[in-house]
Novice: 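The following block contains the structure, expressed as structure tokens.
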Amino acid sequence: MTREELIQEALSVLKNSYAPYSNYHVASALQCRDGRVFHGVNIENASFGATNCGERSAVFAAISEGYQKEDFLAIAIVCDGPRVAAPCGICRQVLSELLNLDTPIYLSNGNGDEWDTNIQKLLPYHFNKEDVIR
């Protein structure tokens, strides 16, 4: 799957986002080595702490199905905002543990603004299991 196809996969589920509080819709598509694509959207909650972001939804779905970081080829994260959908701090931390540091991350707002990155660039001094397991 090409970069543009993966971005389109994410855009295709953007309408499924549940964002009645922020009205900021996010969706993602996670491509696996075997060709499977996991989708995720942000799902808000009135308590806000129970909200889940689109990229975490996709990665958690894949992990729940038995996939591991070695299975992930790339993830596209899209939004309907004025700028590209850069992951929040919680998502950066989760992605730093559940993706390889060089896994491509394609960011887009669906209006032609796009940015290619990876978790190493987004969170260069990430906290990981080596920091807590001794």
Novice: Of the non-hydrogen atoms in Leu11 and Gly110, which two are nearest, and what is the gap between them?
Specialist: CD2-CA, 4.0 Å
Novice: According to salt bridge (Lys or Arg N to Asp or Glu O under 4.0 Å), does anything in residues 97-119 pair up with another residue at least two apart or in another chain? List the pairs.
Specialist: Arg3-Glu114, Arg3-Asp116
Novice: Rounded to the nearest 0.5 Å, what separates atom CG in Leu6 from atom CD in Gln8?
Specialist: 10.0 Å
Novice: Sequence neighbours left out, cut at 3.5 Å: what donor-acceptor pairs do the side chains of residues 84-96 make with other protein atoms?
Specialist:
residue	atom	partner	partner atom	Å
Arg92	NE	Pro87	O	2.7
Arg92	NH1	Leu122	O	3.0
Arg92	NH2	Pro87	O	3.2
Gln93	NE2	Phe127	O	2.6
Ser96	OG	Gln93	O	2.7

Novice: Got a sec, which pairs hit side-chain hydrogen bond (donor to acceptor under 3.5 Å, both in side chains) with one end in residues 68-90, sequence neighbours left out?
Specialist: His25-Asp80
Novice: Can you measure from CD (Glu44) to CG (Asn23) and round to the nearest 0.5 angstrom?
Specialist: 8.5 Å
Novice: Given Leu101 and His126, is the side chain to side chain contact (heavy atoms under 4.5 Å, CB included) satisfied, shown in steps?
Specialist: CA-CA 10 Å; Leu101 296 178; His126 60 281; 3.5 Å; yes
Novice: Taking a hydrophobic cluster as the set of Ile, Leu, Val, Met, Phe, Trp and Tyr residues connected by side-chain heavy atoms closer than 4.5 Å, whether directly or through intermediates, do Tyr106 and Ile119 fall within one such cluster?
Specialist: no
Novice: Which residues pass the ring-ring contact (aromatic ring centres under 6.0 Å, His included) test with Phe48, not counting sequence neighbours?
Specialist: Tyr21
Novice: Give me the atom names and distance for the closest heavy-atom approach of Gly81 to Tyr24.
Specialist: CA-CE1, 3.9 Å
Novice: Membership question, hydrophobic clusters at under 4.5 Å side-chain separation (ILVMFWY): are Leu73 and Leu98 in the same one?
Specialist: no
Novice: Which residue pairs pass the ring-ring contact (aromatic ring centres under 6.0 Å, His included) test with at least one member in residues 51-91, sequence neighbours excluded?
Specialist: Phe38-Tyr67
Novice: Do Leu14 and Ile7 share a hydrophobic cluster (ILVMFWY, side-chain heavy atoms under 4.5 Å, transitive)?
Specialist: yes
Novice: With rounding to the nearest 0.5 Å, note down the distance linking OG in Ser28 to CZ in Arg56.
Specialist: 11.0 Å
Novice: Membership question, hydrophobic clusters at under 4.5 Å side-chain separation (ILVMFWY): are Ile77 and Val37 in the same one?
Specialist: no
Novice: Atom CG in Leu30, atom CD1 in Ile75: separation rounded to 0.5 Å?
Specialist: 5.0 Å
Novice: Any pair with a residue in residues 4-25 that passes salt bridge (Lys or Arg N to Asp or Glu O under 4.0 Å), sequence neighbours left out, goes on the list, sorted by first then second residue, please.
Specialist: none
Novice: With distance as the sole test, does Ser108 use its side chain to make a donor-acceptor pair with the main-chain N or O of Val78 at under 3.5 Å?
Specialist: no
Novice: Group every Ile, Leu, Val, Met, Phe, Trp and Tyr by side-chain heavy-atom contacts under 4.5 Å, then state whether Val13 and Tyr18 land in the same group.
Specialist: yes
Novice: Quick one: does Asn42's side chain have a donor or acceptor within less than 3.5 Å of a partner on Ala19's backbone?
Specialist: no
Novice: Closest heavy-atom contact between Gln120 and Asn118?
Specialist: N-OD1, 2.9 Å
